[in-house]
Amino acid sequence: MSVLASQALAQLAAAPAPSPVPASGSFSLTVWLVLLPLIGAAVLLLSGRRADPWGHLVGVAASVASFLVAVVLFFSLQGHAGDERSIGQHLFSWVPVAGFHVDAGLLLDPLSMAFVLLITGVGSLIHIYSVGYMSHDAGRRRFFGYLNLFVAAMLLLVLADGYLLLYVGWEGVGLASYLLIGFWTFKPTAATAAKKAFVVNRVGDVGLGLAIMLMFATFGTTSFVGVLGNADFVSSGTLTAIGLLLLLGACGKSAQAPLQTWLLDAMEGPTPVSALIHAATMVTAGVYLVVRSGPIFDLAPDARLAVTIVGAVTLSMGALIGCAKDDIKKVLAASTMSQIGYMVLAAGLGPAGYAIAILHLLTHGFFKAGMFLGAGSVMHALDDEVDMRRYGGLRKVMPITFVTFGLGYLAIIGLPPFSGFFSKDKIIEAAFDKGGTSGWVLGTTALVAAGVTAFYMTRLMAMTFFGEARWAKGAHPHEAPSVMTAPMVVLAIGSVCAGGLLVLGGSLQNWLEPVVGQSVEVGAHTISPTVLTLITLLVVGGGVAGGWVVFGRRSIPVTAPAAGPLVVAARRDLYGDAANEALLMRPGQWLTRWLVWFDGRGVDGFVNGLAATIGGGSARLRRWQTGFVRSYALSMFGGAALVVAAVLVVRL
Amino acid sequence: MSPDWWLYLSAALFSVGAAGVLLRRNAIVVFMCVELMLNAVNLTLVTFSRINGDLDGQIIAFFVMVVAAAEVVVGLAIIVTIFRTRRTASLDEANLLKY
Amino acid sequence: MTSFPWLTTIGLVPTLGAVAVLAAPKTREQAAKSVALGTSLLTLVLTIVACVRYDAGGSRFQLVESHSWIPAFGVRYALGVDGIALSLIALSAVLVPIVILASWWDAEDGERSVRTFFALILVLETMMIGVFAATDVFLFYVFFEAMLIPMYFLIGSYGGAQRSYAAVKFLLYSLFGGLLMLAAVIGLYVVGNQQLAGSIGSFDFQTLVNIHITPGVEKALFLGFFIAFAIKAPLWPFHTWLPDAAAEAPTGAAVLLVGVLDKVGTFGMLRYCLPLFPDASHYFAPVVITLAIIGIFYGALLAMGQPDLKRLVAYTSVAHFGFIALGVFAFTSQAQAGATLYMVNHGFSTGALFLLVGFLIHRRHSRLVGDYGGVQQVAPWLAGAFMVAGLSSLALPGLNSFVSEFLVLVGTFTRYRTAAVIATVGIVLAALYILLVIQRTMHGPLRAGLEHTPDLSLREAWVIAPVLAIIVALGVYPKPLLDVITPSVKATMHDTGTTDPAPKLPVAQEGDK
Amino acid sequence: MTSLTLNSLALAASHMSTAETVGFWILAPIALLGALGVIFARSAVHAGLLLGLVMLSLGVVYGVQDAQFLMFVQLIVYAGAVMSLFLFVLMLVGIDSSDSLVETLRAQRPLALLLGLGFAVLLVAGIADATTGTTSAGLEEANADGNVLGLAKLLFTRYVFAFELTSALLITAALGAMVLTHREKIGPKLTQKMMMQERVRGGRPSPLPGPGVFARSNAVGTPALLPDGTAASESVSPSVAQTLAGRGVESVVGRHPATIDAQPAPVEPESFEAESFQPETFEAEPFEWAPSSPESPPEPEPATTEEDA
């Protein structure tokens, strides 16, 4: 059954991606999408203290303007017929060296349009939210500068028309996340977390870099058209290599299995940062990369299998860690990691999964950002307390946050009318439809993980909003100001109806169809969709009940109780950090110390030793001048004898 | 009896002179040995002048003598000065100019 | 054609400036400094005019001047620039005024007078321009050795505590290399003499390129040249002089030492080693590449373990030179163009790093990383500039070093795949050592004693702003520089008789847009 | 007249005639033994005389070798003037410092002998190899109109510059010797009045007794006798006393007249160590440059040194 499916897919992918139509008319605005936030960031960062009072307004304005441009472009793109919806805008020739000719250009097509809308939309909401959140922070102008820089870099990433420009956006986003995580530089933990995030991302970027090099070595170009268009003329071995390297890059950026340790530490940054970067946009860059390089993965089945495995492993790890963490942001971060695991899993299921992955990505963008903002307002209310064991009974005191957070909660666990149900359910269905043992394994992991997600999200809701108040002394939580609650309300509405809007009538599927090819419905379902939906609802219900029973009804101790090995492991992020330190950091430090010693003794030692021997030798020779005329006469006479001997030898 | 014999004689004289310079400690005797070496050289020059048939050898010998004379004058002056200040004419005691 | 001798004027102006600076009376030091600055700016203007007159598509060597110097050996005072030399001359012409402005107050407590400091820098500039502009191997060698003297005095008289040790070590190391090169130059002349018609041989670069040398001799001559250049641009085993010299040198001298003087080594490899001894270069390429890769990791790991700020920056440039050498000996036009661009970029990014480290040290008079912490809270502009310079040095895309580093890696990938993979892993270490130093000095709680460190003064701002502007500009739009470099790299590739490995899929077949 | 006979001798046979061989076998041993004598003579004077002998023999050799002019120059200038100069300085300086046979420098003697022999062997081998079977061309046509004229012809044409140079050299040498041995007069120039005052104040206004009064010999070394018969030490000049002491002859000064005429026991010239010293020990105490010769300037009063210190 799976063989039939893969042939259909291969035939499908044969159609070459439509070559982009040169941008004209309103599409020439595409470059402004990136330029506006970039200019905003430049103005904010370079203007210095003078811009402090009005700095944040410029930030918000830039982001909103960019959103408006996005909306204008969206509608003009709607105007175009299905197949010429990919618009290429050539900017300038960037690196023209002999064979390696790379131009900086932007590509606007349905896939990137979806992302642009998500980035600018959620981005603007979070800009507005952080006006309130950061109102009393001295470095607010710098914060908005960095946020704008992030939005500009992310837009460049999704709009780039070639892998090299994508790489620029890729590391630009990494830089922005470094700056934002480490925004409160005086906190050593924040600085270390920021450095860790950047370095782990850099490991991923090595993968992406190597992939681009391999592409140039095989295709002679790095632009999407050149690479993806000719994918089927190249041996599958090279394609698998490129696919695996791209996967390594994606793991780095989207905090997937091997390189996931940095995401939980990234919570050191201010909450809007976590909401924007570590929930909605940056972490989804990996998924975008996999979906964009669809044609490569279609022709490299084992690379695709690797993607699904990575997705499955990460979603289960995320779910497990989510259950044990007490810090509200860390729980949400773990849940983000597992939801992205879902998306990567979906993207790894081939053309069928791309649209669903993007669907889940968009809905997740809404409800996860909403929940993070909710967590932000809770922390804001309890003067930055992050430990859920100090929360409890907040629903009466902070009604709006409770409602918006609750809607997000219902969406994430996948209750039918909410957006989460549509996207996650389809992923589980697609996982099962993959067929074969891998289909069953992936399907069941996704199903079980959905249950665990329901469990830890209920735990979070119970510990935060229900039960008796366990606030710290002197804490009197109050509702967040309207400037913060407004974006949360909008996001809540989004998380409610986004799923239905995008899925009913297959609007998102046909919107993405020109880029990712039809999400084929052909092929028998291993389990009929309705039965599968019932089973998922059952599992989710079980999870919620479990969560409520364990945490809803019983009183929650203020200090974390001792727990079994599994919970301890989950509390320590399944020893991800410990492994990194043991395998990489400590040997690295030891090697550095030894090399410093070697350089000082070995190489330098040799050089100084040489100098010392020459010095010593000359000191000894000096002793030959004894002061006695007769010994000098002797040496002279010896010399003369040698000269005569030499003359004789030469003459003989 | 070819003229070589004279050359062997001068070689012998020269080596004896040189050995003398190395062995003796009295400055004046050493100085005499130097003169001896110079004489040996003069002998060689004269012999070669005869072998080659032109008088250049003798001219050079003559110049050697002149130089030797000048050298003796200065040498002895030095020895006298050293003696005057050091009360000794032994070479080994003037050994301050060393490492 | 008696065209205006551009290169000689550009070369001579700094020396005249140096004389003027020395001639200034002892009391009027400020005037002397401004004369020095004025001269260096004049040289910059002249260089810019020369760059404008240089047309990328034209003949390989332009602005050529050639007068007989030592007729007996056929040594000619021959100057001429190709793309590579022009970009490096531009680099030094830009860096010198910045260095003069940066070390305005640095020369006060040196053993020699302030005026001598600035005069030495100007003389150094002449030597630098001369060494890049020479197309006569003998003239190149003369400048190659003459360059050491001003730098020796700069380090020796104005340096830190162990300046004399560092200066002597620097001098002896380079002179040792220089001697090997002298032997090779003479060997080359002799071999050339046999082949060329006419009684007296010639040192002219272009004639010497097409002579045929027997393999054994070629390898020996190549080694003579290569070891001298490997010492100058510190490749792995010969690098121990750089950290000492850079750490003890005053900031300005350190910038010029690492920014331009070391480039003569890699420039020499690209201009003299490859074209003159193509077969030997191919023969030794794998060895050099291994040394380069060792250098990359060695420099990076050591940079992480350095307690002294200036030594740290010096070790980072050992790593960067590993990349440059890798690019030069990868024998693809991308790699070599990348290597040349890298030389220019490294001049700016490491120059900026050294300047900022100098400012930092100027504030707390301690070179130890441990004595700093939380500077961001007190001097945000300094921290911001340090961040940008650091990011440029770890090759963040959008800044200058990324373009060159990526070109080097792509170029190496097409020919030596494993070397490229290992080197790419090296960029993670680059991120580590830069972010570590930023975290230790700029972030974290404010260390005692730093409460009232002043932020960048106007002068310091004027020093750093142009460098950072160039860093961003070259990162976003390197095309003008690459257009100048690529033709001369093609010419070098032609000399070494190598062509780029074709991609597996012929690009033409698919009709690239 | 002698030059004529020698010329005829040379003319007779281009190669060494029997006369020359005879001459050689007489002169060579003399020269060689003289040379050996020079280096092995215990006393410097003997060495000097032997050197004179060597020089004379060489002079004759030059004659045999048709170098008449050089013969005379050698005999007159070299053997005469230079040798006498040597002996003069010898008398002035070195009469008492005869060397000890103990060699102070480590491995000097064996090495010296080895090198001497080696050098001789080398030269001989060199000469033997170079000039085997050469026949001397003889100086007939060069000395056609006499050796001196031949020399003069050469000397004042080709070597005139060298000739002028040597004259300059001689002048400088003379000047140099004079400068070296000249000593500035440090003290005030003694006028006759000052000498008179010094004599009276010196505690001995009367002149010193002349030597040899009522003595058995008028040698400068025999002291005058005082009224009570003891010898007056002032009558023997200090330098003579010193030389005698150096020579090991026990001075009769201060002895009772009765014992004087007894023939003094011949003092065995045992190896009387000149005050030479082991170089190692010498190094120990630093040598301060204070010449102990009597002519040293009068000691400045200590008082003055404090003030100007």
Side-chain angles (χ1 to χ4, degrees), chain A residues 19 45 48 88 92-101 142 164 167-172 175 178 182 185-188 190-192 194-195 198-199 202-203 205-206 209-210 212-214 216-221 223 225-226 229-230 233-234 238 588 591-593 595-596 599 603-604 607 611, chain C residues 169 173 237 239-241 298 301-302 304-306 333-334 337-338 374 376-377 381 384 391 396-398 402-403 406-407 409-411 413-414 417 420-421 424-425 427-428 431-432 435-436 439 442-446 477-479 482-483 486 489-490 500-507 510 512-513:
Chain A
S19 58
L45 289 178
F92 55 88
S93 145
W94 185 28
V95 184
V97 176
F100 184 79
H101 192 84
R142 200 157 50 88
L164 199 59
Y167 188 82
V168 173
W170 195 265
E171 284 231 5
L175 168 70
Y178 166 76
T185 51
F186 50 84
K187 269 168 54 181
T192 344
K195 170 166 70 57
F198 191 87
V199 170
R202 205 83 206 269
V203 173
D205 300 348
V206 163
L210 284 174
I212 297 172
M213 292 179 215
L214 192 54
F216 172 67
T218 30
F219 296 99
T221 165
S223 67
V225 169
N230 306 331
F233 301 110
V234 170
T238 331
L591 187 60
T592 314
R593 257 195 306 279
L595 275 180
V596 167
D599 191 60
V603 184
D604 229 4
V607 169
Chain C
K169 189 171 181 180
Y173 239 120
H239 66 287
T240 47
W241 60 272
Y298 192 87
L301 284 170
L302 273 161
M304 276 189 267
Q306 284 306 325
S333 42
Q334 290 86 5
Q376 166 126 30
Q377 297 141 39
W381 283 101
L391 292 176
L396 181 88
F402 167 72
V403 177
F406 197 81
L407 276 176
L409 291 173
V410 157
F413 193 89
T414 47
R417 190 152 291 193
V421 169
T424 319
V425 171
I427 66 171
V428 176
L432 256 176
L435 296 180
L436 265 173
Q439 180 188 349
M442 298 303 163
H443 296 164
L446 185 61
Y477 194 61
K479 183 172 189 311
L482 278 174
D483 288 350
T486 315
V489 162
K490 276 211 186 81
D500 290 346
K504 292 205 176 40
L505 194 66
V507 174
E510 155 278 352
D512 177 21
K513 290 294 168 304

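Order of the sequence lines fixes the chain letters, A, B, ..., with proteins taken first and strands second; residue numbering starts at 1 for each chain.
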Could you look at A/Leu595 and say if it's the side chain, the backbone, both or neither that has a heavy atom under 4.5 Å from chain C?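 For A/Leu595, backbone and side chain are both near chain C.
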Within the side chain of A/Arg593, is there an N or O that forms a donor-acceptor pair under 3.5 Å with the backbone of C/Gly305?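 Here the side-chain-to-backbone pair does not exist.
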When you compare the side chain of [Y] with that of [X], does any pair of heavy atoms fall below 4.5 Å?
{"X": "A/Phe186", "Y": "C/Leu446", "answer": "no"}
{"X": "A/Val603", "Y": "C/Pro237", "answer": "no"}
{"X": "A/Phe216", "Y": "C/Phe406", "answer": "no"}
{"X": "A/Tyr178", "Y": "C/Leu396", "answer": "no"}
{"X": "C/Leu391", "Y": "A/Glu171", "answer": "no"}

Using the six-membered ring wherever Trp is involved, compare the ring planes of C/Phe402 and A/Trp94 and label them parallel, tilted or perpendicular (cut-offs 30° and 60°).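 Because their plane-to-plane angle is under 30°, the rings of C/Phe402 and A/Trp94 count as parallel.
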In terms of relative ring orientation, are A/Phe92 and C/Tyr477 parallel, tilted or perpendicular, with 30° and 60° separating the classes?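 Rings of A/Phe92 and C/Tyr477: perpendicular, over 60°.
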Distance check, rounded to the nearest 0.5 Å: [X] atom [atom1] versus [Y] atom [atom2]?
{"X": "A/Ser93", "Y": "C/Asp483", "atom1": "OG", "atom2": "CG", "value": "7.0 Å"}
{"X": "A/Leu210", "Y": "C/Thr424", "atom1": "CG", "atom2": "OG1", "value": "4.5 Å"}
{"X": "C/Leu435", "Y": "A/Thr192", "atom1": "CG", "atom2": "OG1", "value": "11.5 Å"}
{"X": "A/Met213", "Y": "C/Thr414", "atom1": "CE", "atom2": "OG1", "value": "10.5 Å"}

Engaged part of [X] at the chain A interface, taking heavy atoms whose separation is under 4.5 Å:
{"X": "C/Leu436", "answer": "both"}
{"X": "C/Ala431", "answer": "both"}
{"X": "C/Thr486", "answer": "side chain"}
{"X": "C/Trp381", "answer": "side chain"}
{"X": "C/Val421", "answer": "both"}
{"X": "C/Gln377", "answer": "side chain"}

If you tally heavy-atom pairs under 4.5 Å against chain C, which of [options] wins?
{"options": "A/Asp604, A/Val95, A/Val596, A/Asp599", "result": "A/Asp599"}
{"options": "A/Val234, A/Val607, A/Asp205", "result": "A/Val607"}
{"options": "A/Leu214, A/Leu45, A/Ile212", "result": "A/Leu214"}

If I compare all heavy atoms of C/Gln334 with all of A/Gly99, which pair ends up nearest, and what's the gap?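 Closest approach of C/Gln334 to A/Gly99: NE2-N, 3.5 Å.
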